[in-house]
Amino acid sequence: MKIVMVGSGYVGLVSGACLADFGHEVVCVDKVEEKVAALKRGEIPIFEPGLSELVRTNAAAGRLSFTTDLAGPVAEADAVFIAVGTPSRRGDGFADLSYVYAATREIAGAISGHTVIVTKSTVPVGTGDEVERIIRELRPDADFAVVSNPEFLREGAAIEDFKRPDRIVVGTEDERARTVMADIYRPLYLNNAPILNTGRRTAELTKYAANAFLATKITFINEIADLCEQVGANVQDVARGMGLDNRIGSKFLHAGPGYGGSCFPKDTLALIKTAQDYGTPARIVETVAAVNDQRKRAMGRKVIAACGGSVRGKTIAVLGLTFKPNTDDMRDAPSIAVVTALIDGGAKIRAYDPEGMEQAKAVLPAGVTYCKDAYECVAGADAAVIVTEWNIFRALDLDRVKAAMAAPVLVDLRNVYRAEQVRAKGFTYADVGRGDMAAEEQAGIDAAA
Ligand SMILES: NC(=O)c1ccc[n+]([C@@H]2O[C@H](COP(=O)([O-])OP(=O)(O)OC[C@H]3O[C@@H](n4cnc5c(N)ncnc54)[C@H](O)[C@@H]3O)[C@@H](O)[C@H]2O)c1
C-alpha cells in the first residue's frame, strides 16, 4: 500500500513509522520545514520511547520518507491519512478544525485515481461529512471515500499501542474503502486486534466518548481521594477494591493532580460543545472538566498547606513537568497550574524534568530556575513536589535529598512513596488521598515505642 501521512507530529510520525514497519510505503508530510529537515537527518523532534530506532530502520529500508511536498505523494497514494492537530478553539473550546480543512483542500487538489482519505485526527461528529463535501466541491471528478479511523495511542507507549491496539475503529459506509483499510491493518490480524467497522459518525463519536469516559474515571477517583483525606481512608486501597471488579477495571484509578495532556482537556471540551449544539448536554463531562480544572490549582494550595500556609519567599523544587512520564509533551500539563499557583503565592521555583524542560520553558511563567537533575533541583528548597511520576523520582536517595534541602518537606502528588518510609527519614510528607497513612504510621511508631 502507498500511504501518505499528512501531519508528522506525535500521531502522524508514530502511525507513519508503524505502518512502514508493517511493510507499507509511507510518506510523512509536514508543513514545518525544519521538522521535515530534521526528520530527514534522522533527528526525531519529539521524545517517544523506541521511535527513533523505528524511524531509522524504516527510513533506511526505503519504506519511510519525509517531505513538505504534499501533492506528489498524494497523487500516487492508495490512502491519505490526516493527522494534523485539532486544538481547542480560542474562545469557545470547540475543536479548531482549520488545520484539518486546510489539509483537506490541499489533498483535494492532488488526488488521482481511487484514494481513501482517512481522518486520524480526533474530530467532532460530522467532520468527515465536511471533508467529503470540500473534496467533492473542489474535485467533482475525483474517485475517493472519506473514512474515520480515530487513534487511541498513548504518548509514552505509543508504538506498543499502535502495534497492539485494543481495537481499531474504522468508520465508513463505503465497502471499497473498508477493504483498503482492512489491507492496511492486515498485519495486525496476527495480534488478533479487533477491527470495529462502524458508520463514520459513530467512529468519530467513539473517540470522544472513550476519552471523556477515561477523564471521568480519573476525576472520579480524585474526588474519592479528597474524601479519603477527610475521613481517614486510603484511596489506593479503595481503588484496588473497586478495580478488582471486572465491570470497573483497575486502570485510570490513580489519584493525582488532575488530568492534562494534549487530548483529555481539549477532547472533553469539544464533546461538551458538540453535545450542547445538538441539544443533549453532556452534564457529567461538563462537571468532570470543571472539577479537573479546579483540581490542578488546588494542588498548588496543597503544597502551600504543607509549607505551613505560606510559600512567600520560599523556594519550591518541582520534580516532573510533563503531563505524564516518558514524553516531553507539556500541553495542558498539571505542572503549569501548580507552578503558577506557587508563583502567585510568592514562591521561587526550581524545576527539573528528564525530557520536558525545553518545552516547559515555552509554557511556564518566567523566572523558573531549570536544574540539571533532581538533586540540584532540591538544593536549598523549602519543599519538593513530585508532579510527574518519572521512574527516576521513584527511588530518590532521600537522605541526600534531605541533606540538600533547606527544610525537609515532600509533597508527593503521585503517591509514589510510602508515607511511613519518608516520614521515618524525618520529612514532613503530604500525598493524595491516603488519609489513613498518618494514623497507621502513628500506630506503628507507637507499637515500636
Ligand atoms: N498526541 C496524542 O497522544 C494523540 C492520541 C490520539 C489522537 N490524537 C489526535 O491526533 C491529532 C494530532 O495530534 P498530535 O498530538 O500528533 O499533534 P501535533 O501538533 O503533534 O502534530 C500535528 C502536525 O501536523 C502538522 N500540520 C498541520 N497542518 C498541516 C498541513 N496542512 N500539512 C502538513 N502538516 C500539517 C503540524 O506542523 C504538526 O507537526 C489530534 O487531532 C489529536 O487530538 C493525539
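Just follow the structure's listing: the first ligand is 1, and inside any ligand the first atom is 1. Position 1 is the first residue of the sequence, and the numbers go up from there.
- Using cut-offs of 30° and 60° for the angle between ring planes, the W390 and F47 rings count as tilted.
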**Request:** Give the C-alpha distance, both sets of side-chain angles, the deciding distance and a yes or no for side-chain hydrogen bond (donor to acceptor under 3.5 Å, both in side chains) between Y429 and D412.
**Result:** CA-CA 7 Å; Y429 177 75; D412 180 0; 2.5 Å; yes
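- Around CZ of F213, the count of heavy atoms belonging to other residues, nucleotides or ligands within 6.0 Å does not exceed 12.
- Note on ring orientation: taking the six-membered ring where Trp is involved, the planes of Y185 and F162 are tilted (angle from 30° to 60°).
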Could you pull out the N/O contacts under 3.5 angstrom between ligand 1 and the surrounding protein atoms?
{"unit_1": "ligand 1", "atom_1": "1 (N)", "unit_2": "E155", "atom_2": "OE2", "d": "2.8"}
{"unit_1": "ligand 1", "atom_1": "1 (N)", "unit_2": "S262", "atom_2": "OG", "d": "3.3"}
{"unit_1": "ligand 1", "atom_1": "3 (O)", "unit_2": "E155", "atom_2": "OE2", "d": "3.3"}
{"unit_1": "ligand 1", "atom_1": "15 (O)", "unit_2": "R331", "atom_2": "NH2", "d": "2.9"}
{"unit_1": "ligand 1", "atom_1": "16 (O)", "unit_2": "Y10", "atom_2": "N", "d": "3.1"}
{"unit_1": "ligand 1", "atom_1": "16 (O)", "unit_2": "V11", "atom_2": "N", "d": "2.9"}
{"unit_1": "ligand 1", "atom_1": "20 (O)", "unit_2": "Y10", "atom_2": "N", "d": "3.3"}
{"unit_1": "ligand 1", "atom_1": "31 (N)", "unit_2": "E106", "atom_2": "OE2", "d": "3.3"}
{"unit_1": "ligand 1", "atom_1": "34 (N)", "unit_2": "K31", "atom_2": "N", "d": "3.4"}
{"unit_1": "ligand 1", "atom_1": "37 (O)", "unit_2": "D30", "atom_2": "OD1", "d": "2.6"}
{"unit_1": "ligand 1", "atom_1": "37 (O)", "unit_2": "D30", "atom_2": "OD2", "d": "3.4"}
{"unit_1": "ligand 1", "atom_1": "39 (O)", "unit_2": "D30", "atom_2": "OD1", "d": "3.4"}
{"unit_1": "ligand 1", "atom_1": "39 (O)", "unit_2": "D30", "atom_2": "OD2", "d": "2.6"}
{"unit_1": "ligand 1", "atom_1": "39 (O)", "unit_2": "K35", "atom_2": "NZ", "d": "2.5"}
{"unit_1": "ligand 1", "atom_1": "41 (O)", "unit_2": "T86", "atom_2": "OG1", "d": "2.5"}
{"unit_1": "ligand 1", "atom_1": "41 (O)", "unit_2": "T122", "atom_2": "N", "d": "2.9"}
{"unit_1": "ligand 1", "atom_1": "43 (O)", "unit_2": "T122", "atom_2": "OG1", "d": "3.3"}
{"unit_1": "ligand 1", "atom_1": "43 (O)", "unit_2": "K266", "atom_2": "NZ", "d": "2.6"}

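- In terms of heavy atoms, A177 sits closest to T172 at CB-OG1, 4.1 Å.
- Counting only N and O atoms by type, the side chains of T369 and K348 include no donor and acceptor under 3.5 Å apart.
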